Amino acid sequence: MTQEAPGTPPNGLAMASSRPEHLTEDKPDGSTLVGVVQRITFRNDANGYTVARLAVDGETGAVWPSDGSLPGGSLFGPAVVTIVGRFPSLAVGERLRVWGRWVDHPQFGRQLEVSDYAVVAPATVEGIRRYLGSGLIPGIGPVLAERLVAHFGVETLHVIAETPERLLEVPGIGPQRAEAIAEGLRRHQGIQQVMVFLQGHGISPAYAARIYRIYGDDTIRRVRENPYRLAMDIPGIGFKTADGIARSLGVAHDAPERLVAGLHHMLQEAAERGHVYVSRRELVERAGEALGVAAEALAVPLGRLVGQGEDVAPPKAVAPPLAVAEGERIYLSSLFRAETGLARALLRLTEGWGLLRELDDGARWQAAVAEAEQAAGITLSPQQRQAVLDALRHGVLVITGGPGTGKTTILRVLLTCLERAGMRVQLASPTGRAAQRMREATGRPARTVHRLLEFGHVEGEGFRFQRNEDRPLAADAVIVDEASMLDLPLAHQLARAIAPGTRLILVGDVDQLPPVGPGYPLRDIIASGVVPVARLTHIFRQAEQSLIVSNAHRILRGEDLVLNRPGGDFFFIECDDPEQVAETVRELNAERLPKYLECDPIEDVQVLSPMRRTPTGSERLNQLLQAALNPPRGDGPDPSGGLVPFRAGDKVMQTRNNYEKAVFNGDIGRVVGIDPETGSVWVKYPQPDGPQVVEYTAGETDELTLAYCITVHKSQGSEYPAVILPLTTQHYMMLQRNLLYTAVTRARRLVVIVGSRRALRLALKGIREEERASGLAERLRGGAA
DNA sequence: TCACGTAT
């Protein structure tokens, strides 16, 4: 005999309210049952799909199959039925009310397909014991559950929820334990309720859990209030998901919050493509199309997005507007702040230095440079010497030039000069690997810009940069290499952390690939004409007649390339079929190039692909090249039994910075050993002071990928004797001048492009190239912020 | 599912 708690039980455990509220108590077309979960037969944690056995209560208004047949059980005992459906979390012992439809499964017989369910308070001692002991409630296991139930009986749940202090009556439970138990139960019930609600609107359990972690018990209220907040607050949920939830909640197609969120989403999408702002007209047109509303309907929402027109909806809280309108340009607020802040900081850094230049005829520094050259055993060209002098005499300087123009040489002399003058210098770069190269080139410590600015977790504030105008970097000069990789937000963080009086020197090649994030500050700073720029054009490294060098310049100008000159260093093999391209790449790498250059096919040849996927992408080519260049030895089974995805001898690349191992994203090495027992892998990396062998445990090998072929993006900042570049029209999206330029300039001795003429032409024309919208150059010229 | 960086 069971008694279902009448109405809403005193402890609030009956969870009728946990059901999506749009559902009525009984569905006319289905069945409803109440029972205790006996056993979980099957469960898929990824989507919550569960098959369980439910021991059905006697008189709870159960609706049985209309043909009168009893599903399972007997006429006399409690019926045990199979229920099937999606349950975000379910524990043995839980008491459920389920709604659903009877189906006859060919293999498993009659079962209830559950469309909705609610957790009901377990009302029997046994039910409560099983529920609490299920392990689903943090802090309570079977033993403790037993003790609690033995003491409080059917009142147990009521006691925990309402008068947790009474838990102290149970021997062995102290105040802390009592608190933990109450909290555990409350939390579990909260999660249950939220899970059911979110599930009802088509959100996967994984996301539901994430949402609950952030919104807590406030979840249902907040999601109902404005589902579009999810897109902003929950990582991984974008506008599209939020829009789906909104639709399910019945939010109108032209509801103001939908349109505001849609506009915001368009701005974010533009930022992902590198744009700092979007013109009002383009924003409204594109958003109108995407949202399926007339452009005119967006005028008011746009006003609300930029913080105007509070009359539309009274502000609920004093939240800063998401966007800023400046004339016809609409910015995301964060990017507007970054752009104006960067301009202001740079202008402030350049101020006051003019006076120094006038007072100082430069003689003092000229002498210092000459001394430094001597000390370093380097003779600079006049162009290079001028760059060093400019760096010493200006607040901000850009040094830009392509590969081989001597940026590293300048860096060394400049550093010597500054240090001899007793100045403190800080070296940094946007990537860990570039910082590592800087360390090697200068013999001085160099860090990522993030580490320089002490990016890290601050209690109660999340992640942020801890160096800023209030706590600037202690240095007389900050030198940043590979500055083309700085995006607008990072450049802003950097500039604001530099005190007036500290020199900022940005070194980079502005023709390489644009940064990952929005904006292209190095390009804009140069274009503004406000900051002195030292342009290095003279190429020392490669012979004048090198086609690699001259073709690199042709690429930048969009001109046709000079190809296949006998004895030359720049070849094009025409090939239209992607499969044939892949085969040609393999043959070149494995056979022809090693012979032609008398070099090692793995160490000295690097295949670069514009993409990862496609038949000529890095993933496929890696498989092909691994088989060709490092075939399995012997024909026995893989000695590691498939535990290790690599073979001894494989060329591999580290894919994220690992300071503990001192290996950085983009480092390439060779597998020198594998332990088939433990799955450990040893990789040898070349280092200036001799190769280093690094151990990876089985769990760490996911930091590595095969590197016979890598993407052009990953190759940025590296050089190789020979480069092979597959180029097909399947790479359409990626065919840009910067990409071709970057790929080609990675090669010291030889470049071979394999692909279609059309693809090459597309890349030269930069057909897909989109100028990044940015107002930084104008702002710098305007002199104001 | 274009590609790419940083941080715990």
Side-chain angles (χ1 to χ4, degrees), chain A residues 235-236 238 240-241 269-274 338 428-438 446-467 480-494 497 508 512-522 608-620 653-660 663-667 703 705 709-718 725-743 746 759 762-763 766-770 772:
Chain A
K240 290 206 180 82
T241 309
E269 273 203 333
E272 260 163 49
R273 288 184 320 224
S429 145
T431 69
R433 216 160 72 81
Q436 167 80 348
R437 276 199 313 275
M438 233 179 157
R447 287 170 281 183
T448 61
V449 174
H450 280 79
R451 290 201 155 202
L452 180 76
L453 301 178
E454 294 170 27
F455 183 80
H457 190 81
V458 179
E459 197 58 41
E461 292 179 70
F463 285 91
R464 67 175 185 84
F465 292 93
Q466 296 174 71
R467 289 287 182 178
V480 177
D481 197 9
E482 297 285 3
S484 66
M485 291 173 161
L486 291 170
D487 59 24
L488 174 64
L490 188 58
H492 172 229
Q493 295 299 336
L494 173 68
Q512 290 208 20
L513 294 162
V516 171
Y520 200 164
L522 187 70
L608 303 178
S609 175
M611 285 194 175
R612 296 169 55 154
R613 308 255 173 18
T614 76
T616 54
S618 60
E619 287 172 4
R620 166 89 193 297
M653 178 174 65
Q654 170 77 19
T655 56
R656 63 176 108 69
N657 292 344
N658 188 327
Y659 289 89
E660 220 172 281
V663 287
F664 300 94
N665 192 350
D667 281 352
E703 295 185 10
T705 56
C709 177
I710 65 174
T711 61
V712 176
H713 277 84
K714 282 279 188 190
S715 76
Q716 216 174 174
S718 299
L725 178 71
L727 212 59
T728 72
T729 42
Q730 288 180 319
H731 301 142
Y732 182 76
M733 302 285 235
M734 302 301 300
L735 299 179
Q736 297 165 24
R737 273 181 217 173
N738 292 338
L739 185 110
L740 187 57
Y741 172 85
T742 302
R746 298 309 95 202
L762 287 171
I767 216 80
R768 286 267 315 165
E769 223 141 358
E770 221 181 344
R772 294 186 167 202

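Just so we're clear, the structure is a prediction, and the values are computed from it rather than from any experiment. First the proteins, then the strands, lettered A, B, ... as listed; each starts at 1.
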Item to check | Selected nucleotide, minimal atom distance to A/N665 side chain, candidates B/dC4, B/dA7, B/dG5 | outcome: B/dG5
Next on the checklist: What is the distance, to the nearest angstrom, from the CE atom on A/M485 to the P atom on B/dA3?
Outcome noted: 17 Å
Item to check | Among A/R612, A/R613, A/K714, side-chain contact (heavy atoms from CB on, under 4.5 Å) partner for A/S618 | outcome: A/R612
Checklist entry - Would you say A/T431 and A/M485 make side-chain contact, with heavy atoms under 4.5 Å? => result yes
Checklist outcome for this item: Side-chain atoms of A/F455 come closest, of B/dG5, B/dA3, B/dA7, to B/dA7
Item to check | Out of B/dC4, B/dT6, B/dC2, whichever nucleotide has its closest atom nearest the side chain of A/M611 | outcome: B/dC2
Next on the checklist: I want to verify a distance call: between B/dT8, B/dT6, B/dA3, whose nearest atom is closest to the A/R451 side chain?
Outcome noted: B/dT8
Next on the checklist: Going by side-chain contact (heavy atoms from CB on, under 4.5 Å), name the residues that satisfy it together with A/N658, two or more places apart in sequence or in a different chain.
Outcome noted: A/Q654, A/E660, A/K661, A/V663, A/E703
Item to check | Whole-Å distance separating the CG atom of A/L494 from the P atom of B/dT6 | outcome: 16 Å
Checklist entry - With a 4.0 Å cut-off on heavy atoms, is A/G517 in touch with a base, just the backbone sugar-phosphate, or nothing at all? => result nothing
Next on the checklist: Categorize A/F664 for me: base, sugar-phosphate, or nothing, with a 4.0 angstrom heavy-atom threshold over every strand shown.
Outcome noted: nothing
Next on the checklist: What contact category does A/R612 fall into here, base, sugar-phosphate, or nothing, at under 4.0 angstrom with non-hydrogen atoms?
Outcome noted: sugar-phosphate
Checklist entry - Taking the six-membered ring for Trp, are A/H450 and A/F465 parallel (under 30°), tilted (30 to 60°) or perpendicular (over 60°)? => result tilted
Checklist outcome for this item: A/D487 atom CG is separated from B/dC4 atom P, nearest whole Å, by 16 Å
Checklist entry - Please give, in whole Å, the distance from B/dG5 P to A/K714 NZ? => result 3 Å
